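First the structure, in the form of structure tokens, and then the observations on it.
Heads up: numbering here begins at 1 and tracks the sequence. Computed from a predicted model, the values in this text were never measured in an experiment.
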Amino acid sequence: MVTETTVSPAPVAAGAPTPLVDFFSAAEARVDRWRQLSAVVRAWQAAPALNGAGDALFAEAVALFAEVAPLETLFAYPGPRLMAVTEQALAERNAGVAVRLIQHMSAALLSGAYRQDTSAWDPLQEEGAARATDLRIPDPQTFNGQKPYFEVLVVTPTDPAHWEHARHDLKRLRRPDDAFTYEIVQVGTFEDAVLGAVCNFNLQAVVIRDGFEYRSRHDVPVLRDFLRRHLGSGDAAAAPGTLALALARALKRYRPELDVYLLTDRAVEALAGSEEAAPLRRIFHNIEEPMELHLALLDGVNDRYETPYFNNLKKYAQRPIGTFHALPIARGKSVFRSNWIRDMGHFYGTNLFLAESSATTGGLDSLLEPTGTIKKAQDLTARAFGAPRAYFVTNGTSTANKIVVQAICTPGDIVIVDRNCHKSHHYGLVLAGAQPYYVEAYPLLAYSMYGGVPLMAIKAALLNCLAQGTLDRVRAVDLTNCTFDGHMYNTLRVMEECLAIKPDLIFLWDEAWFGFARFNAFHRRRTAMGAAAALSARIRQPEYRSRYEQAAATAGPIDASNPRLLTTTLLPDPDKARVRVYQTCSTHKSMSALRQGSMILVWDDDFPRVEGAFEEAFFTHTSTSPNLQIIASLDVARRQMELEGYELTMHAAEIAFRIRREVNSHPLISRYFHIATPAEMVPSEFRASGISDYGRPHATWKDLIDAWDDDEFALDPTRLTLICGWAGFDGTQFKTLLADRFDIQVNKTSRNSVLLQTNINNTRSDAALLLKALADLSREIEHRLNQGGKAARAQFVSRVRALMEDVPDLPDFSRFHDVFRDQPSGPANIGHIREAFYMAYDAANCELLKLASADIDERLKTGPELVSANFVIPYPPGFPIMVPGQVITPETIAFMRKLDVKEIHGYHADQGLKLLTPQALAAHGSRKGQPTS
């Protein structure tokens, strides 16, 4: 979020405390600082010896080196040796040596050469320095067999003077047949260990030796507040013998993927069987088994590196298989021997075809009944995402949503659902025969989009059902998190308060766009599985009961007539509450999986009660011919996120912060383009923190964490709503322009915006491409307006006003027709959508009316009511403005008539609106014994 270095820019005296402020962005700023230092020392070397500018440049180089030095103690590279000789070169004013060394280190950090090239670590290696400065472009067609590199953080109470000896002893344990290579980072305090975990993306394991101190020598007040509030630590006066375990807990809460080992001289046998040892992968008695520690480090990383399905598929592809099953493309003979489609084989290569099969033998396993490599891959996925269970889905999260809805619902159940959710939820309710209780998200009229559903609206729906005597039929709450446009729910608070009203409620969180969020501590707090883990732990804590009793006394009885329930924070009864959470996740949308690769993550205390139904729903919707490459890619995506997800997701956020800052502060671009801020996307009533934007001068990482902990809604910084209406472009027009002219693809559009999404695939070069395009377009607009005179300016202003001010109101859900409601006197947005949906299958029940027809206006005034026969979903905005059985209002017709989008699912302009006829509605009501209007 903040690209300033974490270290004070002033020269730091030896032994003086270094204030570390925005340490969460340190790793992203690190390379920039080294490149800046490299430029300064080159300029110093080139400056005339007797010129005062040389002295100023030397002083700047010394200050910059002093600035980066404290941070470098948290990384293995450059390491103490390179840092020491560089410091000596500066002290001796040896510009030539300083330039060579700093260029050497800067280039190695930028290219990553230090991971594989041993000469990058040697200050005397001129050849290594030259190689490190080369631009290294990875060849996507080859894999050179180099060992993956990682770093191990060692927290030790020993004198730093002895650290080099200890590092050397561990390096001596390496063997040629080790699968990985690693380097050691040593720190001596609790706070420095946490700083290392925060800043160092290369860390895969932490070795803790008892007896270290708590406080860092750096000035880290922000860190101390973070430890106290978010990691359950922060006590410098911790009892002897407890600091190591407190550190282990803090590290696992912040980066759960890390392996943590403890070296102690305590009674390890008793400790190993205690609850306190839960965060530890293994406990060693002091350092009596250094080789076992070395092997344990490699084994721990290998557990995450293992991809059982992908590995077996690679082995299968290398076997000489004779295929007599129904998949001619397997082994590729029908392709490579063809006279006409051989180019397909050349394009995709041989491995794709060698790895295809319709068999489930030979270790390939069955997605429908997994017992082998798929089962193991799913178990590893569950561990990685913090879920008790995980299931692979190979035909997208649209299918995953329908599986879950059908598994947890029976006909007649009520599901409280966001009317603006993905259409798969609506269709899932149709298939399950459940009744949607539509609740409305807050509107963002300026951009023709919706945010999230306020918690008060969800609680009101539950209390309405309580008043109607139907709360027992409310099965689930179904919400999208985060939304397409980046609105993140406070998932923990939503579930806590809803469970206070109905303790066995099931939650389906559609996190199609949010799967990556598990892998950094900031986003994780807003995820379904993160909240499920926190809630499950919280209600089992002994001190929770007193909190619950106090909250219950304040709120009063759970009764529909109690007005305090809507405005008071509610807590669930620990004796009754069941944590039942399902998360669907489009792995392909935010991780390195092939298209349609999706997952279902399950945290359900009562899963045995629905396991049979879940299995049937999975069988119903899962193909018996799943794509093997999609399954393999899900396996590999999990591996990548467990090993480098923290780095990748933090990098994606940092790129988004850079784009946001550059667009909104650029003197030219900001005249015509703007990235919507949290203040513009989240109304103040849902943003108690008052945070208005991300990045300095608006906010620090600390401000962001506080806001994400407490606010009802927060904006995912990786979602950038780029307002293009000020430039005179509507969203669809601008999306096409970016693609056709600049080769830039964007996510979605609204009336006056496009959505940009930074993800783990993006680089700073991508950011530069976008910013260059916006700058070019801004200059063209300026030139056109300057050349066109008053007429051109008037036309431009008129176009901007039409896009930014004359926006249509967004239509709310009206109501279901009475014949589709069990209680016409009850809530109007609960209805039997399945009945209406299947009525439309009979053409005799339907009529068509042109949208511009005067008959529509007359029917709206005098009746009979217009009732939709199907879903009508315009893109954008992408939510159904009509559902089967819905009474159509003048507001909905007005919105449709103002739409200027090309794509409207469920509506054909040449035919008109598809409606259920009044006669069909009357007949349906008569069959049900209901009066009709």
Side-chain angles (χ1 to χ4, degrees), residues 138-143 145 306-378 380-381 390-400 402-403 424 512 515 585-600 617-640 745 761:
D139 183 357
Q141 302 301 321
T142 63
F143 176 68
E306 182 184 12
T307 44
Y309 189 81
F310 176 60
N311 289 349
N312 192 71
L313 191 61
K314 288 191 294 181
K315 292 177 183 177
Y316 173 86
Q318 300 308 311
R319 292 169 57 193
I321 304 291
T323 61
F324 293 91
H325 54 65
L327 192 66
I329 207 169
R331 316 306 292 179
K333 299 170 190 175
S334 67
V335 175
F336 290 103
R337 295 169 56 192
S338 170
N339 291 322
W340 299 100
I341 63 169
R342 203 175 302 165
D343 57 328
M344 177 185 178
H346 290 303
F347 180 78
Y348 286 109
T350 57
N351 282 341
L352 176 67
F353 305 99
L354 292 173
E356 273 295 349
S357 175
S358 64
T360 58
T361 55
L364 295 180
D365 207 0
S366 165
L367 184 60
L368 292 167
E369 291 278 6
T371 57
T373 53
I374 293 178
K375 175 66 167 61
K376 189 171 183 181
Q378 290 183 155
L380 293 175
T381 297
Y391 298 87
F392 290 167
V393 179
T394 59
N395 40 348
T397 301
S398 295
T399 294
K402 286 180 275 192
I403 289 171
S424 57
C585 160
S586 291
T587 317
H588 68 96
K589 284 186 169 72
S590 64
M591 290 166 270
S592 300
L594 294 177
R595 192 159 178 83
Q596 294 195 63
S598 179
M599 298 171 181
I600 300 171
F618 195 85
F619 289 163
T620 300
H621 294 281
T622 300
S623 171
T624 54
S625 303
N627 186 290
L628 306 191
Q629 316 316 316
I630 294 177
I631 299 173
S633 74
L634 289 170
D635 198 12
V636 173
R638 185 272 314 157
R639 177 214 283 179
Q640 180 181 41
Q745 298 176 345
N761 184 58

Parallel, tilted or perpendicular: rings of Phe353 and Tyr348 (30°, 60°)
perpendicular

Side chain proximity check, [X] to [Y], heavy atoms < 4.5 angstrom:
X: Leu364; Y: Thr373; result: no
X: Ile329; Y: Met344; result: yes
X: Met591; Y: Val636; result: no
X: Arg342; Y: His346; result: yes
X: Leu352; Y: Gln629; result: yes
X: Thr587; Y: Arg638; result: no

What's the spacing between [X] [atom1] and [Y] [atom2] if we round to 0.5 Å?
X: Ser358; Y: Leu628; atom1: OG; atom2: CG; result: 8.5 Å
X: Thr622; Y: Asn395; atom1: OG1; atom2: CG; result: 6.5 Å
X: Met599; Y: Leu634; atom1: CE; atom2: CG; result: 5.0 Å
X: Phe618; Y: Glu369; atom1: CZ; atom2: CD; result: 10.0 Å
X: Leu367; Y: Ser623; atom1: CG; atom2: OG; result: 9.0 Å
X: Leu313; Y: Glu356; atom1: CG; atom2: CD; result: 8.0 Å

Please check this pair: side chain of [X] against backbone of [Y], looking for a donor-acceptor N/O pair closer than 3.5 Å.
X: Gln596; Y: His588; result: no
X: Ser633; Y: Leu594; result: yes
X: Thr323; Y: His325; result: no

[X] to [Y] - nearest heavy-atom pair and separation:
X: Leu354; Y: Arg331; answer: O-NH1, 3.0 Å
X: Asp635; Y: Pro308; answer: OD2-N, 3.2 Å
X: Gly515; Y: Ser590; answer: N-OG, 3.7 Å
X: Ser598; Y: Gly396; answer: CB-C, 3.7 Å
X: Leu368; Y: Pro370; answer: C-CD, 3.5 Å
X: Ala390; Y: Thr381; answer: CB-CG2, 3.9 Å

Would you please say whether a donor-acceptor pair under 3.5 Å links the side chains of [X] and [Y]?
X: Thr397; Y: Ser586; value: yes
X: Arg639; Y: Thr307; value: yes
X: Thr399; Y: His621; value: no

Can you establish whether the number of heavy atoms outside [X] located under 6.0 Å from its atom [atom1] is more than 12?
X: Arg595; atom1: CZ; result: no
X: Lys333; atom1: NZ; result: no
X: Phe336; atom1: CZ; result: yes

For Asp365, which of Asn312, Thr360, Thr371 qualifies under side-chain contact (heavy atoms from CB on, under 4.5 Å)?
Thr371

Using ring centroids (six-membered ring only for Trp), state whether Phe392 and Tyr309 fall under 6.0 Å.
no

